[in-house]
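Step one of this worksheet: look at the structure below.
Proteins get letters first, then strands, A, B, ... in listed order; numbering begins at 1 in each.
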Protein chains: 2
Amino acid sequence: MSQGHTAVPDEVTDACTVRQVLDRVGGKWSIGVLVHACRGPVRFTELERAVEGISRRMLTLTLRNLERDGLLTRTVYPTVPPKVEYTATPMARELYDSLVTLTSWAQRHRADIAAAREAYDREHGRAGDAATDTCPMSGPDLAAAGR
Amino acid sequence: MSQGHTAVPDEVTDACTVRQVLDRVGGKWSIGVLVHACRGPVRFTELERAVEGISRRMLTLTLRNLERDGLLTRTVYPTVPPKVEYTATPMARELYDSLVTLTSWAQRHRADIAAAREAYDREHGRAGDAATDTCPMSGPDLAAAGR
DNA sequence: CAGAATCCTCGGTGATACTG
DNA sequence: CAGTATCACCGAGGATTCTG
């Protein structure tokens with residue numbers, strides 16, 4: 001609908017759009033930060049501890065990107081010591097809602113994926129790593145593992 | 001609902017699930033390949049030309065990952081010369097549909113993001129790259145730009 | 001407390017050549 | 001045609017230190 005002069009099918013347009021979104025929140029830490037920011041104003045060190053495993057540098061960069069894209073609002077309180085709060089914009093909340101719809105797919109097919117993986121590994125002789133999803137919970141402690 | 005024994009809130013669970021999905025299709029080429037595979041059986045070289053800018057190696061790796069996750073089916077025809085077809089599984093189609101819902105968000109807020117970027121750049125004195133979305137269409141030629 | 005600056009590593013990615 | 005193998009590179013990301 002946008003432009004009708006190219007021979008590019010809609011599927012490609014969709015793919016590109018998806019990629020654009022993914023390029024923004026597809027970063028290693030974006031989602032983690034976004035999630036916590038969506039729950040209300042969050043401070044820097046708060047995030048540093050909440051998003052397990054993130055470094056100062058990466059937190060700063062992630063926040064910058066999200067702020068730059070208009071997904072986060074940075075509020076500085078000129079107190080001493082300084083206090084900065086990050087808040088998710090309405091746009092970010094919408095995005096997050098959209099992203100959460102993906103979880104329904106994941107939950108529906110969690111077993112299928114695992115089965116496919118197993119079948120694949122069995123047939124192609126264990127391609128190496130188990131790659132059992134890098135997720136904090138149901139694991140002892142991620143921060144320790146990062147060492 | 002899953003487990004009630006941890007102090008981990010649902011938001012974090014969601015975040016992790018989203019990350020898991022993103023880790024699978026968040027790759028640079030996964031979406032592109034997936035899109036073409038969803039339109040029907042596709043052959044290797046077909047994809048190599050369809051997904052502009054992808055290298056043989058990356059195409060192979062992407063296909064492997066998608067196959068491993070049960071998103072693609074690899075069918076080998078023992079002819080000569082060899083012929084291999086990749087087909088998206090129903091699961092993959094569902095995933096793709098879910099991903100497409102993201103495009104609605106992107107389209108709704110395309111202007112907002114651009115505006116936010118501009119505002120940010122104006123206030124913080126041009127952080128460097130314009131970063132105007134890496135997307136084939138409405139651009140002359142991506143393959144050439146990759147050099 | 002919140003970040004900037006610097007250095008360094010490691011893995012994803014691309015280019016090329018070879019094979020069944 | 002459909003890959004595999006090998007090398008070389010670059011940049012995302014991590015650790016540490018310094019500052020307002």
Side-chain angles (χ1 to χ4, degrees), chain A residues 22-33 37 41-68 72-87 124-125 127-129 131 134 142-147, chain B residues 19 22-30 32-33 37 41-68 72-87 124-125 127-129 131 134 142-147:
Chain A
L22 259 46
D23 281 344
R24 287 188 222 300
V25 296
K28 196 175 182 182
W29 308 107
S30 302
I31 296 293
V33 171
V42 190
R43 302 185 57 180
F44 191 87
T45 29
E46 212 171 331
L47 282 169
E48 197 174 1
R49 276 173 310 200
V51 184
E52 205 103 5
I54 197 173
S55 65
R56 264 206 178 82
R57 193 178 116 93
M58 279 304 104
L59 179 53
T60 304
L61 290 181
T62 305
L63 288 170
R64 279 279 180 280
N65 281 332
L66 293 176
E67 185 195 355
R68 182 186 162 108
L72 287 187
T73 307
R74 194 176 111 115
T75 315
V76 183
Y77 297 92
T79 63
V80 46
K83 177 180 174 180
V84 180
E85 274 185 353
Y86 293 92
T87 318
H124 296 72
D129 60 312
T134 318
L142 183 65
R147 203 59 319 265
Chain B
R19 284 254 77 250
L22 260 46
D23 282 342
R24 288 189 220 299
V25 296
K28 196 176 180 182
W29 308 106
S30 303
V33 171
V42 190
R43 301 186 54 180
F44 190 87
T45 29
E46 212 171 330
L47 283 169
E48 196 174 2
R49 274 174 311 201
V51 184
E52 204 103 6
I54 197 171
S55 65
R56 264 204 179 87
R57 191 177 122 92
M58 278 304 103
L59 179 54
T60 304
L61 290 181
T62 305
L63 288 170
R64 282 277 181 281
N65 282 332
L66 294 175
E67 185 194 355
R68 180 186 164 106
L72 287 187
T73 306
R74 195 178 111 115
T75 313
V76 183
Y77 298 92
T79 63
V80 45
K83 177 180 175 184
V84 180
E85 274 184 354
Y86 294 91
T87 319
H124 296 74
D129 59 311
T134 319
L142 183 64
R147 230 316 66 229

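As a whole-Å value, the separation of Arg57(A) CZ from dA12(D) C1' is 8 Å. Remark: P of dA2(C) and CD of Glu67(A) are 15 Å apart, rounded to the nearest angstrom. The separation between Glu85(B) atom CD and dC1(D) atom P is 14 Å, rounded to whole Å. A straight line from CE of Met58(A) to C1' of dA2(C) spans 16 Å, rounded to a whole angstrom. Atom pair Ile54(A):CD1 and dG13(D):C1' shows a separation of 10 Å (rounding to whole Å applied). In this structure, Tyr77(A) atom OH and dA2(C) atom P are separated by 12 Å, rounded to whole Å. Put simply, CD on Glu48(A) is 9 Å from C1' on dA2(C), counting in whole angstrom units. Rounded to an integer number of Å, the gap from Leu63(A) CG to dA2(C) C1' is 10 Å.
Looking at the side chain of Trp29(B), the nearest of the listed nucleotides dA15(D), dA2(C), dG14(C) is dG14(C). When distances run from any side-chain atom of Phe44(A) to the nucleotides dC1(D), dG3(D), dA2(C), the shortest one goes to dA2(C). Of the listed nucleotides (dC1(D), dG3(D), dC7(C)), dC1(D) has the atom at the smallest distance from the side chain of Pro82(B). Listed candidates were dG14(C), dG14(D), dG3(D). Nearest to the side chain of Ser55(B) is dG14(C). Of the candidate nucleotides dC1(D), dG3(D), dC7(C), dC1(D) has the atom lying nearest to any side-chain atom of Pro81(B).
Contact check for Val33(A) versus Leu66(A): side-chain heavy atoms found under the 4.5 Å cut-off.
Contact between the side-chain N/O atoms of Thr60(B) and the OP1/OP2 oxygens of dG3(D) is not found at any separation under 4.0 Å. Checking the phosphate oxygens (OP1, OP2) of dG3(D), a side-chain nitrogen or oxygen of Tyr86(B) falls inside 4.0 Å. Side-chain nitrogen and oxygen atoms of Arg64(B) include at least one within less than 4.0 Å of the OP1 or OP2 phosphate oxygen of dT4(D).
Rounded to the nearest 0.5 Å, atoms CG (Asn65(A)) and CE (Met58(A)) are 9.5 Å apart.
Between the side chain of Arg68(A) and the main chain of Leu63(A), no donor-acceptor pair closer than 3.5 Å is present. Checked by atom type and distance alone, the side chain of Thr60(A) pairs as donor or acceptor with a backbone atom of Arg56(A) at under 3.5 Å.
As judged by a 4.0 angstrom heavy-atom cut-off over every strand, Arg43(A) is placed among residues touching the sugar-phosphate backbone only.
Mapping Arg56(A) and Gly27(A) onto DNA chain D by nearest heavy atom places Gly27(A) at the nucleotide closer to the 5' end.
The nearest pair of heavy atoms linking Leu59(A) to Phe44(A) is CD2-O, 3.6 Å.
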